[in-house]
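Shown next, in structure tokens, is the structure this report addresses.
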Amino acid sequence: MYGLADCNNFFVSCERVFAPRLEGIPVVVLSNNDGCVISRSNEAKAIGIRMGQPLFQASPLIRRHGVQVLSSNYALYSDMSHRVMTTLRSLVPAAEVYSIDEAFLDLSGIPTGELSALGRRIASTVRRHTGIPVSIGTAPSKTLAKIASKLCKQYPKLHDSCLMYRPEDIAKVLRTFPVQDIWGIGRRHGPMLRGAGILTAGQFVQAREEWIRHRMGVAGLRTWKELRGEPCIGFEHTPPAKQQICTSRSFAAEATDPDDLRRAVALFTAQCAEKLRRQGSVCSEVQVFIATNRHRPELPQQYANRILSPPTPTDSTLELTVLAERALRSIFTPGFGYKKAGVILSGIGPRAAVQTSLFDPSDRGRQTRLMKALDQVNGRFGRHTLVTAAQGFDPVKTNRNHVSPNYTTSWDELPEIKV
DNA sequence: TCTGGGGTCCTAGGACCC
DNA sequence: TCTGGGGTCCTAGGACCC
């Protein structure tokens with residue numbers, strides 16, 4: 001049996017833990033650069049604010065209903081996520097972190113009769129330890145567990161835990177579950193299925209196997225089997241290393257000054273390299289891309305990118321920064337206003353397996369010790385304590401006009417408390 | 001005026017091999 | 001006129017997820 005623990009309205013719930021005034025009123029959290037709505041309280045959902053909706057489109061509703069608007073604060077959310085995951089791990093044999101707000105639970109070996117109560121205990125313990133409300137879905141496959149967790153949000157009397165086990169119970173749920181809400185069915189296959197007269201998960205599992213294979217490939221077939229109770233997506237006990245690492249941002253305003261872009265690209269490179277080192281990998285390619293504002297078609301448009309390779313796979317911020325800057329210089333074109341830039345590391349492999357070049361100009365051991373020192377200093381004294389000169393201390397501006405304090409990760413940012 | 005960021009996997013087609 | 005069979009690797013594009 002698989003469990004799925006899903007935090008309800010996660011980013012909004014994180015904000016509410018430390019700002020109880022946000023309880024019971026409509027709240028939304030925005031994407032980077034304050035662009036789109038990416039988390040909504042139940043009250044915000046009820047008044048019709050949509051997921052992913054641009055802020056400016058939602059603003060009439062926001063004004064009319066006095067919706068509280070917050071910029072995203074990932075330092076807070078990732079710390080809260082760790083607390084939730086730690087609590088989950090203490091309650092089940094194993095947990096697979098699936099996203100910042102979800103984890104699959106390995107429930108093998110637990111008697112079926114105890115699963116329902118266990119789910120309720122997990123939900124109430126996470127709530128008590130972290131303040132975050134979660135929904136626990138339990139079923140014979142991951143796809144069914146996802147559906148079970150969604151039912152918790154619909155039916156309060158389930159007390160945050162839904163077990164779908166007996167075939168007749170599963171069939172009953174699938175009969176009314178919308179096909180486009182199934183995990184694995186996205187914005188293309190959803191409408192395709194509806195066009196074919198398949199509106200519910202129940203109709204989907206009744207479709208012919210060959211038809212699914214033909215129209216939706218092996219991934220669609222896997223979803224079909226999972227819904228029929230045949231697990232095809234296994235439990236991952238150790239997270240695989242990333243094959244690609246990306247850091248990118250949109251800017252508050254279009255950048256025309258090459259120095260602004262250089263500093264941004266240097267910062268993104270440093271952040272990518274840090275992620276790379278954290279998973280113990282090296283990379284053999286660094287890609288830089290810059291893009292104009294695609295929502296302003298009346299302005300000259302460009303998307304440019306360039307990939308460069310170090311002589312030997314590396315995880316050194318310094319080596320990668322030199323390459324990234326060279327790549328940027330080769331694609332930057334005066335006269336364009338760049339709204340977004342990013343760095344992508346690829347060709348990723350384990351550090352332990354690096355094949356060095358006979359003509360390698362750099363001192364590997366020295367670079368490694370330097371990066372270790374860099375990571376230790378920043379780990380101890382804060383993220384941007386030690387930076388490359390190329391980054392500077394004055395990052396290119398993004399919009400973040402409604403940000404909450406870093407309640408859990410930086411004491412000096414806590415609001416003053418009157419006694 | 002204002003429109004996010006970070007990933008994975010599959011598939012088809014082309015280039016190439018013998 | 002007739003024009004093989006079997007395979008690998010790479011890439012771009014499309015689908016999906018949060």
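Chain A is the first sequence line, chain B the second, and so forth, proteins listed ahead of strands; every chain is numbered from 1. As a basis for the values below, the full set of heavy atoms in this structure was taken, side chains included, without hydrogen atoms, waters or symmetry mates.
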* What integer number of Å spans the C1' atoms of C/dG4 and B/dC17? -> 15 Å

* How long is the line joining CD of A/E236 and P of C/dC17, in whole Å? -> 17 Å

* **Under 3.5 Å side-chain donor-acceptor pair for A/Q302 and A/T292** => no

* Across the strands shown, which category fits A/I233 at heavy-atom distances under 4.0 angstrom: base, sugar-phosphate, nothing? -> nothing

* Please work out whether the ring planes of A/F11 and A/Y74 are parallel, tilted or perpendicular, with thresholds of 30° and 60°. => perpendicular

* To do: Verify the distance criterion only: is there a donor paired with an acceptor across the side chains of A/E274 and A/T317 at less than 3.5 Å?
  => no

* Structure fact -> Value for SG (A/C232) from NZ (A/K225), rounded to nearest 0.5 Å, stands at 5.5 Å

* To do: Please determine if A/D6 and A/K153 form a salt bridge, counting it only when a charged side-chain N lies under 4.0 Å from a carboxylate O.
  => yes

* Whole-Å distance between C/dC16 P and A/Q180 CD? -> 12 Å

* To do: Quick one: list whatever passes ring pair (Phe, Tyr, Trp, His ring centres under 6.0 Å) with A/Y2, sequence neighbours left out.
  => none

With the criterion being N/O to N/O and under 3.5 Å, what pairs connect the protein with nucleotides 13-15 of chain C, and how long is each?
unit_1 : atom_1 : unit_2 : atom_2 : d
C/dA15 : OP2    : A/R188 : NH1    : 3.1

* Under 4.0 Å between any heavy atoms, over every strand shown, what does A/Q53 touch: base, sugar-phosphate, or nothing? Just pick one. => nothing

* Can you tell me how far P of C/dC17 sits from CD1 of A/I147, to the nearest Å? -> 12 Å

* Structure fact -> Residues of residues 80-101 of chain A with a heavy atom under 4.0 Å from any atom of DNA chain C, listed by number, are A/Y98, A/S99, A/D101

* **Axis-to-axis angle between the two ends of the helix from B/dG5-C/dC18 to B/dC18-C/dG5 (five base pairs per end, rounded to 10 degrees)** => 10°

* Among A/R383, A/R278, A/R277, find the residue that satisfies the salt bridge (charged side-chain N to carboxylate O under 4.0 Å, His left out) test when tested with A/D375. => A/R277

* Sidechain N-carboxylate O distance under 4.0 Å for A/R262, A/D259 -> yes

* Asked: Nucleotide by nucleotide, 5' to 3', does protein get under 4.0 Å of the base (B), only the sugar-phosphate (S), or neither (-) in nucleotides 2-10 of chain B, counting heavy atoms?
  -> BBSSSSSSS

* Roughly how many Å is it from CE in A/M216 to C1' in C/dC16, rounded to a whole number? -> 10 Å

* Check whether the side chains of A/T314 and A/E319 place a donor and an acceptor atom closer than 3.5 Å, and report yes or no. => yes

* Give a yes-or-no answer on whether the side chains of A/R21 and A/Q68 include a donor-acceptor pair shorter than 3.5 Å. => yes

* Basic-acidic side-chain contact under 4.0 Å: A/E325, A/R329 -> yes

* Just checking A/K146: base, sugar-phosphate only, or nothing, at a heavy-atom cut-off of under 4.0 Å? -> sugar-phosphate

* Determine which pairs satisfy ring-ring contact (aromatic ring centres under 6.0 Å, His included) with at least one residue from residues 139-161 of chain A, sequence neighbours left out, and list them in order. => none

* Asked: Do A/N73 side-chain atoms and A/V403 backbone N/O form a donor-acceptor pair below 3.5 Å?
  -> no

